[in-house]
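Below is one structure. I have some questions about it.
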Protein chains: 2
Amino acid sequence: MSIELNDKKRALIEKIGIAHEEKGFQPVAGRILGLLYVSPRPELTFDEIRETLNISKSATSTALNLLMHIGHIDYITFSGDRKRYFKLKMSNWRELIQNEIERVIKMSHVLHEVLEERTKDTPEFNCSIEEFASFMQFIHKEFPGLLQRWEQTREQK
Amino acid sequence: MSIELNDKKRALIEKIGIAHEEKGFQPVAGRILGLLYVSPRPELTFDEIRETLNISKSATSTALNLLMHIGHIDYITFSGDRKRYFKLKMSNWRELIQNEIERVIKMSHVLHEVLEERTKDTPEFNCSIEEFASFMQFIHKEFPGLLQRWEQTREQK
DNA sequence: AATTTGGTTCTTAAAATTAGGAACCAAAAG
DNA sequence: CTTTTGGTTCCTAATTTTAAGAACCAAATT
């Protein structure tokens, strides 16, 4: 019932896990993402995940629900089979990146609040803050175009 | 010796602090950044930081060194004054964003490793991963141009 | 109706992080 | 050469995070 993985894949799971821990995910959640990336079958059941990663039911359940909540994973079902088959919402990657962009724009709003509160006696410093905020907004505005241009580079092939 | 701050500024410090905690900074480090953003004087001494935020010397020392290590802050000195005056490396924001971009490219490399390891029997899934990785690389490549275009929108004014 | 399956939820133990206190230290001042 | 200043470092307590175990539950199976 546990998924067979070679050493390289096991190592990749940990690597992906750590990359996600750095973003604030709990270790188990990161590893589940890693597993779903390298798994031969992209859809795995609760128990396949649990046994392959050697984690408890509770840890599995909590992490899966978290990952579903933030839209990183999904599940499919088959009629006549009670199990849920969890999978990465990979087709979703545009949205995931968009979320990152939204975080950037939030920071730019905070910086604008800072600027309103700041003394005007430090023009150079204030200017740097304003530039930083402005560039963040620029990224946000340019993102759709960037995506389009990327799509064009792909069509040509 | 402690810096006087109104409620709005205190609130902004916490907001900025939390935003940085989400990125994995420890709370004290995040608050120090917040303080340096809103402080009337942009350069503060160890003790001004310590007293304004009501934190211990050890916490202050550790967090300041961390923030210097990762290039978020800096300090200046004045001859005849032993104190260091810590400040945001605000002029540095291009580098800070560049670092984020580097993290993105690292993830794209990991995804390429994943693709090499993956079975070819899941073409659709693999294709999504490849797209994701490809777009990350595209962002990395386009970043300098994006920065330039932003700079142009500024010059015109 | 009893059991199995596919999970969820609650409580708790262990581990990791955070930050305080106190001792410490080097350079400057007295 | 003693004291003060501006920190650093070590140790520890408190808090937070993580994940396990066990009890639980609803739907499906026997």
Side-chain angles (χ1 to χ4, degrees), chain A residues 1-3 13-14 16-36 41 43-70 73-87, chain B residues 1-3 13-14 16-36 41 43-70 73-87:
Chain A
M1 235 183 168
S2 155
I3 304 294
I13 290 175
E14 294 306 308
I16 294 169
I18 288 175
H20 283 89
E21 271 184 69
E22 281 169 11
K23 288 191 186 179
F25 287 69
Q26 55 195 98
V28 166
R31 286 199 188 96
I32 290 178
L33 291 179
L35 171 56
L36 292 175
R41 256 183 305 118
E43 292 105 15
L44 300 181
T45 66
F46 188 99
D47 265 321
E48 283 171 334
I49 294 169
R50 228 197 86 249
E51 290 185 30
T52 307
L53 297 178
N54 277 302
I55 53 184
S56 68
K57 284 175 90 175
S58 54
T60 309
S61 173
T62 309
L64 284 175
N65 285 323
L66 165 74
L67 290 171
M68 286 199 288
H69 225 82
I70 59 179
I73 66 169
D74 222 1
Y75 64 84
I76 53 172
T77 51
F78 300 98
S79 66
D81 184 350
R82 277 177 71 194
K83 289 173 216 145
R84 281 134 85 187
Y85 289 78
F86 296 94
K87 60 181 248 304
Chain B
M1 235 181 168
S2 155
I3 305 294
I13 290 176
E14 294 306 308
I16 295 169
I18 288 174
H20 283 89
E21 271 184 69
E22 282 170 9
K23 287 190 188 181
F25 287 71
Q26 55 194 103
V28 166
R31 286 200 188 98
I32 290 179
L33 291 178
L35 171 57
L36 292 175
R41 257 182 305 120
E43 291 105 16
L44 300 181
T45 66
F46 188 99
D47 266 321
E48 284 172 333
I49 293 168
R50 228 197 84 250
E51 289 185 29
T52 308
L53 296 179
N54 278 302
I55 53 183
S56 70
K57 285 175 87 175
S58 54
T60 309
S61 172
T62 309
L64 285 175
N65 285 324
L66 165 75
L67 291 172
M68 286 200 289
H69 225 83
I70 59 179
I73 65 170
D74 222 2
Y75 64 85
I76 54 173
T77 50
F78 300 97
S79 66
D81 184 350
R82 277 178 73 193
K83 287 171 214 145
R84 281 135 86 186
Y85 289 78
F86 296 94
K87 60 182 248 304

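Residue numbers begin at 1 in each chain, while the letters A, B, ... track the order of the sequences.
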| Which residues pass the side-chain contact (heavy atoms from CB on, under 4.5 Å) test with A:Glu48, sequence neighbours left out? |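 Partners of A:Glu48 under the side-chain contact (heavy atoms from CB on, under 4.5 Å) test: A:Ile3, A:Arg41, A:Leu44, A:Thr45.
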| Can you check the B:Tyr85 OH to D:dG6 P distance for me, whole Å? |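 Distance check: B:Tyr85 OH to D:dG6 P gives 8 Å.
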| task | For B:Glu51 and D:dG7, give me the distance from atom CD to atom C1', rounded to whole Å. | result | 14 Å
| query | By side chain to side chain donor-acceptor pair (under 3.5 Å), which residues pair with A:Arg84, not counting sequence neighbours? | reply |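 Per chain and number, A:Arg84 pairs via side chain to side chain donor-acceptor pair (under 3.5 Å) with no residue.
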Pairs of donor and acceptor atoms involving the side chains of residues 61-68 of chain B, under 3.5 Å and at least two apart or interchain, shall be tabulated with distances.
from    : atom 1 : to      : atom 2 : distance (Å)
B:Thr62 : OG1    : B:Ser58 : O      : 2.8
B:Asn65 : ND2    : B:Ser61 : O      : 3.1

| query | When the distance from CD1 of A:Ile76 to P of C:dG6 is rounded to whole Å, what number comes out? | reply |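 Taking atom P of C:dG6 as the reference, CD1 of A:Ile76 is at 16 Å.
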| Can you list every side-chain hydrogen bond (donor to acceptor under 3.5 Å, both in side chains) pair that touches residues 16-33 of chain B, not counting sequence neighbours? | B:Glu14-B:Arg31
| Does a side-chain N or O from A:Arg84 land closer than 4.0 Å to OP1 or OP2 of C:dT8, or not? |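 Yes, because at least one side-chain N or O of A:Arg84 sits under 4.0 Å from OP1 or OP2 of C:dT8.
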| field | Non-neighbouring partners of B:Asn54 that pass side chain to side chain donor-acceptor pair (under 3.5 Å), sequence neighbours left out | value | none
| field | For atom CG of A:Asn65 and atom C1' of D:dA19, their distance in whole Å | value | 15 Å
| query | Whole-Å distance between D:dA27 P and A:Phe46 CZ? | reply | 18 Å
| request: Measure the shortest side-chain to side-chain distance between A:Ile70 and A:Phe25 over non-hydrogen atoms and say whether it is less than 4.5 angstrom. | output: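 Yes. Closest side-chain heavy atoms under 4.5 Å.
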| request: Please identify each residue that fulfils side chain to side chain donor-acceptor pair (under 3.5 Å) with A:Lys83, with sequence neighbours left out. | output: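 Residues passing side chain to side chain donor-acceptor pair (under 3.5 Å) with A:Lys83: none at all.
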| query | Once each nucleotide of nucleotides 12-20 of chain C is scored for protein heavy atoms under 4.0 Å, what B/S/- sequence comes out, 5' to 3'? | reply | ------SSB
| Base versus backbone protein contacts along nucleotides 25-30 of chain C [heavy-atom cut-off under 4.0 Å; B, S, -] | -BBS--
| request: State, with a plain yes or no, whether a side-chain heavy atom of B:Phe86 is found less than 4.5 Å away from one of B:Tyr75. | output: yes
| remark: Contacts of B:Arg82 meeting side chain to side chain donor-acceptor pair (under 3.5 Å) (sequence neighbours excluded), chain-then-number -> none
| Whole angstrom value for the distance that separates P of C:dT8 from NE2 of A:His69 |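 Distance check: A:His69 NE2 to C:dT8 P gives 13 Å.
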| field | Separation of D:dA19 C1' from A:Leu66 CG (nearest whole Å) | value |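 Roughly 14 Å, once rounded to whole Å.
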| said: In this structure, how many angstroms lie between the C1' atom of D:dA19 and the CG atom of A:Leu64, rounded? | reply: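 These atoms are roughly 14 Å apart.
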